[in-house]
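The next block holds one structure in the form of structure tokens; read it before the comments.
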2 protein chains.
Amino acid sequence: MATMRDVAQLAGVSTATVSHVVNGTKKLSPETTEKVLMAIAEANYTPNTLAKSLRSGQTHTIGVLVEDIRGLPVAGIVSGINETLSKSGYRMILHDLHLLEKLYNQYEQIGSYRQRINNGVSLLQSSNVDGIIYVGMHDRHLDYLFDPMETPLVFAYSHGTQQDTYVTYSNQDSAADMTRYLLSKGHERIAVIAGHPHSYPTARRMHGIQMAMQQVGLVIPEEYIRYGNWEYESGIDQTRELLKLPVRPTALFAMNDLMAAGCMRVLNEAGLRIPEDMAVVGFDNREIASYLQPPLTTIQLPTTEIGTSAALHIMEKINNPSTPPVREIIHCSIIERLSV
Amino acid sequence: MATMRDVAQLAGVSTATVSHVVNGTKKLSPETTEKVLMAIAEANYTPNTLAKSLRSGQTHTIGVLVEDIRGLPVAGIVSGINETLSKSGYRMILHDLHLLEKLYNQYEQIGSYRQRINNGVSLLQSSNVDGIIYVGMHDRHLDYLFDPMETPLVFAYSHGTQQDTYVTYSNQDSAADMTRYLLSKGHERIAVIAGHPHSYPTARRMHGIQMAMQQVGLVIPEEYIRYGNWEYESGIDQTRELLKLPVRPTALFAMNDLMAAGCMRVLNEAGLRIPEDMAVVGFDNREIASYLQPPLTTIQLPTTEIGTSAALHIMEKINNPSTPPVREIIHCSIIERLSV
DNA sequence: ATAATACAGATAAACGTTTAACTCGCATCG
DNA sequence: CGATGCGAGTTAAACGTTTATCTGTATTAT
């Protein structure tokens with residue numbers, strides 16, 4: 001590999017001059033510039049990133065800490081991050097925390113959870129990353145962990161701590177939008193199969209739904225609201241309960257596609273037609289949504305956009321450390337299929 | 001950040017001594033070692049990776065080039081790679097080629113395809129990675145591209161070129177296994193909904209199926225073999241054709257879960273019960289397989305294992321450059337559900 | 001004419017390690 | 001007793017850049 005010294009020798013100048021030509025850090029005479037460029041081409045010179053970083057203290061590398069790359073929204077976000085970073089000449093060190101096995105619910109293992117995050121952060125810091133993007137939802141302990149960190153940090157997907165930059169999607173507005181969509185299709189008796197009762201997304205989405213109803217002077221009766229646990233089976237169970245009601249809803253808003261799939265199965269078995277007898281909508285636009293019968297109308301999470309935006313924010317923070325924290329909430333779009 | 005010089009000063013020794021303590025590269029007196037260790041602890045010293053790499057020429061970093069992280073098997077493989085690498089103190093630079101939009105089929109865009117790969121490789125090489133793992137299936141042009149590369153290279157998922165190390169899964173054996181499984185359940189009239197007719201997996205899986213049949217003295221009649229294109233709709237179309245046959249098969253082997261889902265829909269609509277009237281199996285174990293009615297018996301790709309193994313191979317190659325190429329084919333397992 | 005300024009480029013010190021070569025004292029040995 | 005070898009630690013060069021400071025010449029202002 002040719003070094004700067006080789007080029008300098010070839011062009012008959014000093015390495016300083018070569019450096020200035022390469023980086024455009026100083027005005028040089030056209031002749032010298034030309035000579036150097038020729039020499040660079042001839043030697044097939046490419047600057048050594050390590051030396052550059054060692055000297056300058058910047059690696060042009062972003063550490064991306066993901067809870068689990070196998071989670072679908074995570075992959076989309078990483079994809080967006082990567083695309084945006086590469087366009088600006090940044091690399092990405094990915095570190096997977098392997099948190100898909102839900103140990104974060106089990107108190108005795110929280111230590112191990114923290115441990116994994118700490119290890120991840122150490123790994124990234126030892127890689128001299130210029131900034132870190134944390135991708136995931138389970139950020140409860142992060143404020144504690146990241147506190148003593150001087151590296152710029154952006155949360156993607158999760159909300160981070162209040163004093164940090166994050167970019168996420170809108171739970172409330174999206175749910176409200178979907179509700180309005182159902183209303184616009186003439187549905188007034190809308191039932192909800194919510195997620196886990198004490199979870200943040202459940203609360204926000206519920207709020208959005210109720211707001212949208214209220215705006216048109218309607219209210220969801222208590223017996224139309226059923227809480228599941230995000231899983232397929234709970235969609236089944238809760239829908240069965242709903243069908244027992246004396247006055248049936250005409251539309252069913254499941255807070256994710258998995259539960260919506262459960263709904264549809266029950267409706268099918270009960271001989272109800274979708275959407276004629278009952279409309280169903282979901283949330284997430286997972287792969288399964290396209291293959292349900294009928295294909296499910298649902299909400300698309302803006303994963304790529306979240307990634308893109310997080311990447312832009314981290315670069316901004318790096319180049320301008322005094323940037324105030326940004327809280328960005330990206331809107332979701334409705335994917336219209338045939339279940340309404 | 002404390003440097004080696006600080007530690008040396010604190011301990012009253014030279015930096016060389018500190019280096020030797022840190023790396024265990026030379027036998028030193030217990031007293032000196034102790035002094036140095038104390039100083040390291042006191043200064044909270046952690047070695048600078050950049051300086052280390054610059055000097056030693058090793059970065060302990062692997063470049064992972066993926067065709068598209070949003071592809072499901074890809075995420076699993078990356079997950080496996082990452083876990084194994086971190087355990088050995090390696091980092092991972094991930095670069096996504098964003099190839100999910102199927103431009104590789106369009107001849108006029110092959111240039112752009114190559115371009116993207118070249119850019120990716122350049123990015124990784126400029127990051128001074130110690131080795132590269134290529135994750136993807138579309139490796140047709142790679143031998144051409146990687147030829148002038150001196151960096152150790154391992155293919156994961158795809159077959160790479162014949163003279164390179166790769167690790168993939170077994171198409172033929174898995175299909176044979178599944179066929180034997182069907183046979184063991186008493187099915188003799190097995191129909192196949194194959195993938196795209198000229199694709200490699202289709203050919204290998206077909207071969208596996210036919211071998212397994214032959215071994216018990218059976219043969220699949222030509223009209224039981226139908227070619228789709230891996231998509232849901234083609235599962236639907238081909239199953240309709242199969243149902244027109246005078247003698248119906250008792251089992252249906254779709255070469256992926258999407259087509260199997262299509263099959264099941266048609267069978268449902270035709271009023272046939274699964275598995276009583278017809279058994280169905282798929283391939284891939286995508287998310288959808290669990291949520292079909294009944295849940296689909298299918299084949300699990302060993303994604304994590306592929307990743308793990310690829311990571312081990314690349315580290316082996318780095319530490320021992322003369323390692324001969326390894327061709328590893330990992331076996332898939334059958335996920336038994338209720339569709340047989 | 002002379003001082004001040006601008007310009008183009010060179011010099012050399014850093015950045016934080018690793019490691020070959022060296023020093024120095026001490027035991028070993030024929 | 002001089003040569004030899006060894007053990008423990010030091011010295012300093014090297015890895016390939018960046019960049020503050022310096023030099024020397026040309027331009028401009030007074």
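Everything numeric here is computed off the predicted structure, so don't read it as measured data. Letters A, B, ... are given to chains in the order of the sequence lines, protein chains preceding strands, and every chain is numbered from 1.
- Residue-level contact check: A/Thr17 touches the backbone only, with heavy atoms under 4.0 Å from sugar-phosphate atoms and none from bases.
- B/Asn320 and B/Ser322 share a donor-acceptor pair across their side chains, judged by distance under 3.5 Å alone.
- Of the two residues contacting DNA chain D, namely A/Thr46 and B/His20, the nearest-nucleotide position lying further toward the 5' end is that of B/His20.
- Heavy atoms of B/Leu54 sit under 4.0 angstrom from at least one base atom.
- The span of DNA chain C lying next to chain A, judged by atoms under 4.0 Å from heavy atoms, is bounded 5' to 3' by C/dA8 to C/dG16.
- Between B/Met92 and B/Val64, the shortest heavy-atom contact is CG-CG2, 3.5 Å.
- Nucleotide D/dA12 holds its P atom 18 Å from the CE atom of B/Met4, rounded to whole Å.
- Contact annotation for A/Lys27: backbone-only contact, meaning every heavy-atom pair under 4.0 Å involves sugar-phosphate atoms and none involves a base.
- Both B/Thr33 and A/Arg55 lie close to DNA chain D; mapped to their nearest nucleotides by heavy-atom distance, the more 5′-ward contact belongs to B/Thr33.
- The local environment of CZ in B/Arg5 is sparse, with at most 12 non-hydrogen atoms from other residues, nucleotides or ligands closer than 6.0 Å.
- Of the inter-residue distances, the one linking B/Ile314 atom CD1 with B/Ile132 atom CD1 reads 8.0 Å to the nearest 0.5 angstrom.
- Remark: B/Tyr157 OH to B/Met137 CE distance equals 5.0 Å, nearest 0.5 Å.
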